[in-house]
Every structure is written in C-alpha cells, then in structure tokens.
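Keep in mind it's a predicted model, so treat the numbers as computed, not measured. Residue numbers start from 1 in every chain, and the chains themselves are labelled A, B, ... in the order their sequence lines are given, proteins ahead of strands.
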2 protein chains.
Amino acid sequence: MAEKVTLFAVAERAGVSIATVSRVVNGLTTNGPTKERIRRAIDELGYEPNSAARALKVNASEQICLALPDLNNPVYQAMTRGVQRGFKLSKYRLMLSPSLLTTEEVILQLKSLGRNYADGVILSSLVFDEEIEKILSTLRIPVVLVGGAINRPKFDNIRVDSERGVGMAVDYFFSAGRKKILFLNGPWITNPAKRRKEGFLESMKSHQIMNPENYIANAKAFNPNAAEEVLSGIKKLNQFSAILCANDLLAAGAIKFLSKRKMKVPDDIAVIGIDNTDLAELLTPTLTSVDFKAEYRGELAAKYLLERLENPNLPIKKTIIEPELIIRESA
Amino acid sequence: MAEKVTLFAVAERAGVSIATVSRVVNGLTTNGPTKERIRRAIDELGYEPNSAARALKVNASEQICLALPDLNNPVYQAMTRGVQRGFKLSKYRLMLSPSLLTTEEVILQLKSLGRNYADGVILSSLVFDEEIEKILSTLRIPVVLVGGAINRPKFDNIRVDSERGVGMAVDYFFSAGRKKILFLNGPWITNPAKRRKEGFLESMKSHQIMNPENYIANAKAFNPNAAEEVLSGIKKLNQFSAILCANDLLAAGAIKFLSKRKMKVPDDIAVIGIDNTDLAELLTPTLTSVDFKAEYRGELAAKYLLERLENPNLPIKKTIIEPELIIRESA
DNA sequence: ATGAAAGCGCTAACAA
DNA sequence: TTGTTAGCGCTTTCAT
C-alpha cells in the first residue's frame, strides 16, 4: 500500500505552503508558474484531498443520503436511477440507507443522520407518523420528501396525485364498459395504500357504485406472491371484469394468477397496474399502468436538494406529479 | 434547527471531561454512576458523534463503497440487496457509486476512493484492464471483486463459473433434443460476454457442433430492446430450436420478439436466460434461467469485506459460485 | 477511573 | 499572491 499523501507532502514537493496548495486544489488562485508546479506535484504524488478532514473543517460531508423502503420494488430502482443521474454532475456522493420498511427503521435512520455524514436527505417512506415528522424537523440538514404523507410539510416535496391516478384507471375501465372492478391494494398501514384506497372509493362513487369498499382486497406486501395469495382467497373472482392493482408487482402477480386459472387478460378480466415500471413492457400481456414517473421524481428530488443546498433560503417547493395512464395490452 | 451538540456540551452537562464522555460513547469505561450521568446527558442533548471528526482521527470512515455497472439490470439490484443485508448489522454505511459502465467511469470512481471516504470497496465491473488493475493495487483500502476478470487477483473475489453455467444451459437444450442453438450474447467488449462466449463455444464443440461461432449474435446492450433489435436482424430465425441469452433481460426481449413473430416458446423455440432474476418468474412463459446467485454473491462480498476489515492479514479468499439451472416453462 | 493535551488533514482569517 | 496559524470534533497517550 502506498504512503499516505497529504497537503504537506504536496506543499513540500512544490516548495510552497499548504495554504497555497489548498487554494490551488480549491481553485482559488490564479498564479501561473506556482500553480503549475503545484499541479505537477499533485499529479506526481497522486494527491487526493482527505474527505473527512475537509468535512470536519467546513462542516459538510458532500454526501447525500437516499432513504428508501426497499430495493425489491422496481419503482425504487427507477427512483434511485433518477437520483443517481441528478447528482451525477455534482460534487455529492450518494449514500444508500438500508431497507426502511417500518417506522422504527425510518426513525433509526433519521436519527443517525445526526452524525453529520450527509448534507441532505431524500426520503421516500411508506410510513409516516408524528414521531417521524418531529425528527425530520430537528434535522440540521435539508430534507426532500418524495411521496410524503405530511399535511403541511415544511420540506421540499414531490408527491404524486394518487387519487387522480387511481381515478384515471377506474375511468378507463368504465369507458371500456368494465364496471365490476376489484381493487387489489397493498398493506393497509402504508401511506400509498391509504391514498390509493381513497382514490378508488371516490372514483367508484362518482360512477354511482354503491359500497365500493366491498371491492377492495389488501395484499400483505407489494409483491407478486402477495397478490396471488389474496386472489386465491377470493371466491367469486369471475364476478369481476377488471382488477386495478396498487402497483406493477401486484399486477404481475395478478396476471400470473389469472393465467393459471385460465382467465384471459384482458378478454375475461382486464388488469391495470400502477407505477409503470420496466416490468410493464415485459409482461404478457404487456401491462397497462399508471405512470407516476418514479425516475423523474428521483431526478427532481436530487435537483431540489441541490438547489436547497446551494441556497437554504429558497421558498419551499412542492410539486405534484400528474399521473399518466400508459395503455398497453392488459386493459 | 437545533444547536450543534458536541462532546463538549455533553461533558459540561455531565460535569466530566470530554475524554470520559468519549470513553462512554465508545464503551471503554465501566464506572457506574458517572456512566449513568453521561448517558443521561447524551440522551437529553440528543448527542450523536460527528462522523467526520471520528473519521479524521481514526482514519476510518465507516463507509463502504459499492461500485456497480448500473441499476437497470435486476441482477445488480439483487446484488445490492445482498450487500445491504451483509452490512445491515455492521457499523458500516453503504455508498453507491454512480453507473460504472465504461473503463473511464470505473477508473474515475476508483481514483476518487483516494479521498478516504470509504474503508473498503466492493467492485463489480463489466470491464477490466491493466489500468484498472493497477489502480486497484494502489488503493489503500481492501477491495472485494465480484465477477472480476483479473487473472491472479490479489484481492478477495467471488466469481461465477460462467463457462459451466452456459454449458449447463447448452447441455439441457441438447438433452431436450434441441441442437440448433443461437447464443444471444451481450456487448462483446464486456467481460461477462467474453466468458460466456468461451463457455458457449466450448460446450457446443463438446457436442460435436462445427463452427459454433456462427451461432452467436451480440446485442448492443444487456437489455430487452437490444435483444429485439438483434433478433430482427437475423434472417432465418426458424432454423434455430433454442436461444440461449446472456442474461434475463435479453431473454425477456427475445420472448417478446418471438411472441410478436408468433413463434411459440418453448414449442417452436426454447429460451434460457442467465442470472435468474426476479423477472424470470414473471415472464410468460416463465423463464428457465441459470442462477448465479447474485443476491448471495452480494451478501458474501459484504462478509468478505467485513472479515478483511476486521483482520487485514487474512489469506485472500476466492470463491467460485456454482451455477444452477432453474427450470421453468421457457425451456 | 479520569483529565489534560496533542494532533488527525484541512480551510480560512489574518498578516505580510 | 503567499504564508502562518487557529481550530473543526474527536480519540488516545500520558499523567494523575
């Protein structure tokens, strides 16, 4: 292993003081010859500034924490890609939190941010409560919320019009004459599930459907197996002409289940997913899905965070992403 | 925003010196009453140690860098999950590199590690050359290679028996009487593509097939669209009874393409993928795929790195993952 | 068991 | 433009 090379080594080699080297490194000086000598010394020694020392001195880590529920769901993969892209040209490194599925995990993660290892955090959580909100407001770094449940957030945030997205899907089903719609929702404790349920109830009522709450099934998780499990527990599945799934993974499970039962999608029963992930194009039939633009949201979150880091006094930004129904074969 | 709370604040409140507080924080002292007082002060003030200061002092960041090609490929998502799990109970935080598709990107990333923001790195790269190898050996932190191309690596590494995996798929095709096999490979410059090509040629020859190199097509990328593009350029596709794809994404593209062409999988033409990603279960037909245990590799990489950080003098570990053919409907 | 103090590598204020 | 120096918050040696 090579010798550790610090500002001192470079300064010595170039015959200047460490301050001068520091200035060159940070682009604060314009002197020709000295600058050149220092540059050469840096190259020859392979000097790289010590992040920790800089972080300690300027109280900034040049790192961003991305806090997500889990990486199993392709929607968060897409979001992560967007975030990566958003920070690509910046000086910031990206930290990935562990899986944050429960309130406890979220809280633990947020508290750990007190260690100052990140200059900002992008939080997308399935769960939200007062305790999380309280911790968020004691954080000493900017937060960008992606899909938060907080009422009047004091943070930049990017939400999705869940109700509208669900409504679009329901409307589309109705426009195709499919009125017996099953809503295959995710775990009821999660925030997206609550929002999507609201959207479903509202939309069904607007179509004069009585007691739409009877047409909701909750999967235990946002994944294909959970979808299959729930569906297998529904006695009269063929009373339905359509299934709206709370995400693409559930939709994938639904399609698989229906195909096993020899029910044709979309002929016997139409299926719509939510999130429009990469998966949608690959399923058979290809999946009609409500696009909430996860990758774009990730990129936008990164942008908002960068802007706030640049200028902490900017007014709070709130963006609501308009959903788009991407029509493919399944409905 | 709350006041910044340092060791000093805690020490003052508890009426002790910062050294004592530091010892309590790091679990180095056993005194009853003092310890209690300090603990209370820490709780009351919500003290969290400053990562940068600690990192600077002990020359260790408690961070790990995960350097991957891209997050579009579900195999890296799985690997990332494994890595997350592997570090879950450790003190280390996880950093995610940006997309590292080209040699230049890999080199830039590795060089930046000179800034000491990570105590170790897990590198999975599609490309490898002498320059990368050289930089790796100048790094002052341990490296774990996942799927490296280096001949006699001086690093812990976890590889995959690509040749064997491809061979298993070819053997399986032959055992089902399918001898006209097309190998749909990825970009030829990438390391996995080279290895998989070798495996294909070797295996085909062992089955007395002449000039197997004529049955290889290279997609421009490891994704579904690239697969469709290549396949659409092949005139006499129906001379083949099987397609072996270099990964599941290519296989997904192939299945889609074949379905458009009204060729039945597996009746007209069988398809096998590689990586056995989450996708495999969701495609129609479900995809037979060679499992290289990406998630496990990620977890193992984390384990190796933790062990080496614990004890740098351990002998180098090299593991070759045995592939497993997961048979589903597509072949 | 506890405290005083040095110093990790860097930036920035001040002086020259 | 350049150098000197204090100090960011912490760990650890040495003394008590």
Side-chain angles (χ1 to χ4, degrees), chain A residues 2-39 41-42 45-63 91 112-119 140-141, chain B residues 2-39 41-42 45-63 91 112-119 140-141:
Chain A
E3 182 92 2
K4 187 189 294 190
V5 25
T6 70
L7 271 190
F8 264 101
V10 177
E12 197 167 37
R13 179 150 190 142
V16 294
S17 76
I18 59 166
T20 307
V21 179
S22 172
R23 288 188 194 102
V24 170
V25 169
N26 295 294
L28 300 176
T29 206
T30 337
N31 184 300
T34 323
K35 194 173 173 180
E36 248 338 290
R37 273 213 324 286
I38 294 174
R39 281 219 133 49
I42 288 175
L45 295 173
Y47 169 76
E48 293 276 353
N50 182 306
S51 299
R54 178 157 217 290
L56 178 58
K57 182 66 189 176
V58 306
N59 195 26
S61 60
E62 306 196 337
Q63 297 188 153
K91 64 182 177 183
S112 85
L113 288 168
R115 292 167 191 259
N116 285 343
Y117 59 80
D119 297 343
R140 307 179 63 259
I141 56 175
Chain B
E3 182 91 1
K4 189 189 290 189
V5 25
T6 71
L7 271 190
F8 264 100
V10 178
E12 198 167 35
R13 178 149 191 143
V16 294
S17 75
I18 59 166
T20 307
V21 179
S22 172
R23 289 190 192 101
V24 170
V25 169
N26 295 294
L28 299 176
T29 205
T30 337
N31 186 299
T34 323
K35 193 172 173 182
E36 247 339 288
R37 274 215 321 287
I38 294 175
R39 280 219 133 47
I42 288 176
L45 295 172
Y47 169 75
E48 293 275 353
N50 181 307
S51 299
R54 178 157 217 290
L56 178 58
K57 184 66 187 176
V58 306
N59 195 26
S61 61
E62 306 195 336
Q63 296 187 154
K91 63 182 176 183
S112 85
L113 287 167
R115 292 164 189 254
N116 286 342
Y117 60 79
D119 297 341
R140 307 180 63 260
I141 57 175

When Ala53(B) and Ile18(B) are each assigned the nearest nucleotide of DNA chain C, the 5'-most assignment goes to Ile18(B)
Report the distance from atom CZ of Arg37(B) to atom C1' of dA1(C), rounded to the nearest whole Å.
12 Å
Val58(A) has its side chain closest, among dC10(D), dT11(C), dG9(D), to dT11(C)
Gap between atom CZ of Arg54(A) and atom CG of Leu56(A) - 0.5 Å precision
12.0 Å
To the nearest 0.5 Å, atom CD of Glu62(A) lies from atom CZ of Arg115(B) at 7.5 Å
For Leu28(A), does its backbone N or O pair with a side-chain atom of Arg23(A) as donor and acceptor, under 3.5 Å?
no
Spacing of Glu36(A) atom CD relative to dT1(D) atom C1', expressed in whole Å
16 Å
How many angstroms lie between atom CG of Leu7(B) and atom CD1 of Ile38(B), to the nearest 0.5 angstrom?
10.0 Å
Could you check whether Val25(B) gets within reach of a base, just the sugar-phosphate, or nothing at all, counting any heavy atom under 4.0 Å?
nothing
Residues two or more places apart in sequence or in another chain: which of them pass side-chain hydrogen bond (donor to acceptor under 3.5 Å, both in side chains) with Thr6(B)?
none
Just call it for Asn26(A): base, sugar-phosphate, or nothing, with non-hydrogen atoms closer than 4.0 Å on any strand.
sugar-phosphate
Identify, between Tyr47(B) and Thr20(A), the residue whose nearest nucleotide on DNA chain D lies closer to the 5' end.
Thr20(A)
Is Lys4(B) near enough to dG9(D) that one of its side-chain N or O atoms lies under 4.0 angstrom from OP1 or OP2?
yes
Nucleotide dC10(D), atom P - distance to CD1 of Ile38(B) in whole Å:
14 Å
On a heavy-atom basis, which atom in Tyr47(A) and which in Val5(A) lie closest, and how many Å separate them?
CD1-O, 3.4 Å
If I take atom CG in residue Leu7(B) and atom P in nucleotide dA4(C), what distance separates them, rounded to the nearest angstrom?
14 Å
Within the structure, does a side-chain N or O atom of Thr34(B) lie under 4.0 Å from either OP1 or OP2 of dA1(C)?
no
Pair of N/O donor and acceptor under 3.5 Å linking dG3(D) base with Arg23(A) side chain
yes
Lys57(B) NZ to dC10(D) C1', in whole Å, measures 7 Å
Taking five pairs at each terminus, the helix from dA1(C)-dT16(D) to dA16(C)-dT1(D) shows an axis bend, to 10°, of 40°
Give the rounded distance in Å between these two atoms: NZ of Lys35(B) and C1' of dA1(C).
13 Å
Please determine if a side-chain N or O atom of Ser17(A) lies less than 4.0 Å away from the OP1 or OP2 oxygen of dT2(D).
no
Among dC10(C), dA12(C), dC10(D), which is the nearest nucleotide to the side chain of Ala19(A)?
dA12(C)
Pairwise side-chain hydrogen bond (donor to acceptor under 3.5 Å, both in side chains) hits with a residue in residues 7-17 of chain A, at least two apart
Arg13(A)-Glu44(A), Ser17(A)-Thr20(A)
Ser22(B) near the nucleic acid: base, sugar-phosphate alone, or nothing, with a heavy-atom cut-off under 4.0 Å?
base
Are Tyr117(B) and Ser61(A) close enough that a side-chain donor and a side-chain acceptor fall under 3.5 Å?
no
To the nearest angstrom, the CG-P distance between Asn50(A) and dC8(D) comes to 18 Å
Could you state the CG-P distance from Leu56(A) to dC10(D), rounded to the nearest angstrom?
9 Å
